[in-house]
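Have a look at the structure below before the remarks.
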Amino acid sequence: MHFPEYRARRLRRNETLRSMVREVRLHPSDFILPFFVRHGKGVKNPIASMPGVFQLSPDLLLKELEEPVSRGIPAILLFGIPEKKDPMGSEGYARDGIVQRAVASVKKAFTDLVVITDVCLCEYTDHGHCGVVSHGDVDNDATLELLAKIAVSHARAGADMVAPSDMMDGRVAAVRDALDEAGYDQVPIMSYAAKYASAFYGPFRDAAESPPQFGDRRSYQMDPANSDEAIREVAMDVEEGADIIMVKPALPYLDVIWRVRNTFELPLAAYSVSGEFAMIKAAAQNGWIDGDRCMMEALTSIKRAGADLIISYHSLEAVRILQGDSLSSRQT
Ligand code: PBG
């Protein structure tokens with residue numbers, strides 16, 4: 001293909017042509033929208049570093065779900081902020097824990113919505129680590145038992161899918177065994193398979209009130225420099241029974257998404273995390289970028305890299321744009 005026989009610009013001449021040869025399209029069914037729930041009634045606490053995102057009590061969560069559900073977003077991902085934190089994260093697997101309550105009320109109101117729950121201890125432990133701490137270290141095998149308890153209690157409350165995000169070795173098998181034993185063999189696992197020790201989780205830790213009180217998460221989350229290791233991590237989770245695999249964060253790891261896409265044949269999710277959201281919002285608020293266009297471009301890149309599903313705080317805004325206020329018509 002050589003100039004002048006091939007002129008790449010021929011198919012870019014107008015929006016109709018561009019749309020005919022477009023390779024990747026976002027669709028409402030690609031998105032999973034995360035929410036933070038906390039106890040109470042009428043609670044809607046803004047999160048400073050995540051404009052437009054709130055900690056919600058279950059009653060207001062139901063209200064917030066009306067628009068995304070009516071626009072065809074198929075799934076949400078729930079995070080809980082407990083009443084009390086303790087060393088073993090016991091509200092994480094309490095029958096009346098915040099996530100368990102929220103799941104029950106959401107499923108009652110929106111039967112078809114897929115409710116996915118984050119399975120981790122960090123929101124529930126007073127030390128803020130994703131597992132049981134002994135002798136200043138996170139004890140992998142002691143943690144597995146608690147993760148399994150959390151997953152089963154979420155399934156019992158009505159969760160459609162569980163998403164272990166802790167990065168302990170062997171947790172997918174532990175969660176799968178426990179779910180099966182408790183009679184939830186139909187509940188799929190979306191595993192945070194390649195999850196990096198990322199600074200892009202900063203705003204989330206404000207939102208979930210879960211920063212580690214000592215040290216950091218580098219002894220269990222992945223080193224940002226590694227992608228061979230991501231393949232080993234994902235292979236392990238696939239072997240252990242993951243139904244959907246996830247790469248997280250998304251934008252700084254598009255190469256990892258691409259590699260995982262080309263190595264495994266399971267549905268692949270990418271988590272575009274709080275820091276990715278905050279960067280776009282902050283720059284847009286300053287008038288430094290066009291927030292909507294940067295958002296759509298970033299989300300498109302994640303799908304182009306190979307993600308089937310995108311977990312994003314932008315999900316609703318993006319779907320609004322897809323369904324009405326189309327970018328191309330606003331651009332003139
Ligand atoms: C819990 C968890 C975290 C995120 C999702 N699940 C925080 C962490 O690992 O520190 C981050 C999500 C985001 O930043 O949007 N383990």
Side-chain angles (χ1 to χ4, degrees), residues 32 77 89 92 116-122 129-134 137-152 154-155 159 161-182 184-198 200-201 216-250 252-273 302 305-311:
I32 298 172
L77 176 60
I116 311 171
T117 55
D118 185 81
V119 171
C120 196
L121 280 157
C122 63
H129 277 288
C130 302
V132 178
V133 173
S134 67
D137 194 15
V138 175
D139 182 334
N140 193 90
D141 297 7
T143 303
L144 299 182
E145 210 173 303
L146 298 186
L147 294 168
K149 273 170 83 166
I150 299 177
V152 169
H154 289 176
M161 193 183 304
V162 294
S165 68
D166 51 281
M167 288 300 277
M168 298 302 124
D169 296 326
R171 79 272 165 73
V172 173
V175 166
R176 185 71 273 159
D177 284 351
L179 287 173
D180 291 356
E181 218 163 279
Y184 301 109
D185 57 359
Q186 294 301 307
V187 172
I189 298 174
M190 174 166 76
S191 82
Y192 288 67
K195 175 174 176 179
Y196 287 86
S198 172
F200 287 91
Y201 307 149
D216 54 42
R217 303 212 210 284
R218 281 182 249 199
S219 77
Y220 39 104
Q221 300 178 347
M222 285 181 57
D223 187 324
N226 297 352
S227 79
D228 290 344
E229 187 188 0
I231 299 299
R232 295 197 293 275
E233 275 283 3
V234 177
M236 224 175 8
D237 286 10
V238 171
E239 183 93 346
E240 291 176 28
D243 299 279
I244 298 178
I245 48 186
M246 189 205 297
V247 173
K248 171 183 175 189
Y253 299 90
L254 291 178
D255 58 320
V256 178
I257 296 174
W258 175 249
R259 274 191 78 175
V260 170
R261 158 83 303 150
N262 290 304
T263 313
F264 299 94
E265 277 149 10
L266 283 182
L268 171 60
Y271 197 144
S272 180
V273 301
I302 295 166
D308 302 301
L309 295 164
I310 303 170
I311 303 164

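Only this structure's heavy atoms are used, side chains among them; waters, hydrogens and symmetry mates stay out.
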Reported [atom1]-to-[atom2] distance for the pair [X] and [Y], which is rounded to 0.5 angstrom:
| X | Y | atom1 | atom2 | value |
| --- | --- | --- | --- | --- |
| I302 | L254 | CD1 | CG | 6.5 Å |
| M168 | L144 | CE | CG | 8.0 Å |
| T117 | L77 | OG1 | CG | 8.0 Å |
| H129 | C122 | NE2 | SG | 10.0 Å |
| T143 | Y220 | OG1 | OH | 9.0 Å |
| E233 | M222 | CD | CE | 6.0 Å |

Can you tell me if [X] uses its side chain to pair, donor with acceptor, with the backbone of [Y] under 3.5 Å?
| X | Y | answer |
| --- | --- | --- |
| K248 | V273 | no |
| D243 | I189 | yes |
| N140 | D169 | yes |

Any side-chain heavy-atom pair of [X] and [Y] under 4.5 Å:
| X | Y | result |
| --- | --- | --- |
| M190 | M246 | yes |
| I32 | I116 | yes |
| R171 | D237 | yes |

Of the options L146, V152, L147, which is the one that meets V119 in a side chain to side chain contact (heavy atoms under 4.5 Å, CB included)?
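Among L146, V152, L147, the one that satisfies the side chain to side chain contact (heavy atoms under 4.5 Å, CB included) with V119 is L147.
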Could you walk me through whether Q221 and S198 pass the side chain to side chain contact (heavy atoms under 4.5 Å, CB included) test, one step at a time?
CA-CA 8 Å; Q221 300 178 347; S198 172; over 6 Å; no
Residues which pass ring pair (Phe, Tyr, Trp, His ring centres under 6.0 Å) with F200, listed by chain and number, not counting sequence neighbours
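By the ring pair (Phe, Tyr, Trp, His ring centres under 6.0 Å) rule, F200 matches no residue at all.
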Could you check whether D228 pairs with R232 (Lys NZ or Arg NE/NH1/NH2 to Asp/Glu carboxylate O, under 4.0 Å)?
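Salt bridge: no.
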What closest approach, in Å, do [X] and [Y] show between heavy atoms, and which atom pair accounts for it?
| X | Y | value |
| --- | --- | --- |
| A270 | I257 | CB-CD1, 3.6 Å |
| V172 | S191 | CG2-CB, 3.7 Å |
| C120 | S165 | CB-OG, 3.2 Å |
| D185 | D180 | CA-OD1, 3.4 Å |
| A230 | V256 | CB-CG1, 3.7 Å |
| L179 | V187 | CD1-O, 4.0 Å |

Test D166 against K195 for salt bridge (charged side-chain N to carboxylate O under 4.0 Å, His left out), laying out the working first.
CA-CA 9 Å; D166 51 281; K195 175 174 176 179; over 6 Å; no
Answer yes or no: are there more than 12 heavy-atom neighbours, outside E229 itself, under 6.0 Å from its atom CD?
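Counting neighbours around CD of E229, more than 12 heavy atoms of other residues, nucleotides or ligands fall under 6.0 Å, so yes.
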Aromatic rings Y253 and Y196: how do their planes relate, parallel, tilted or perpendicular, breaks at 30° and 60°?
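Parallel: the ring planes of Y253 and Y196 meet at under 30°.
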Take V260 and I231 through the side chain to side chain contact (heavy atoms under 4.5 Å, CB included) test and state the conclusion after the steps.
CA-CA 7 Å; V260 170; I231 299 299; 4.2 Å; yes
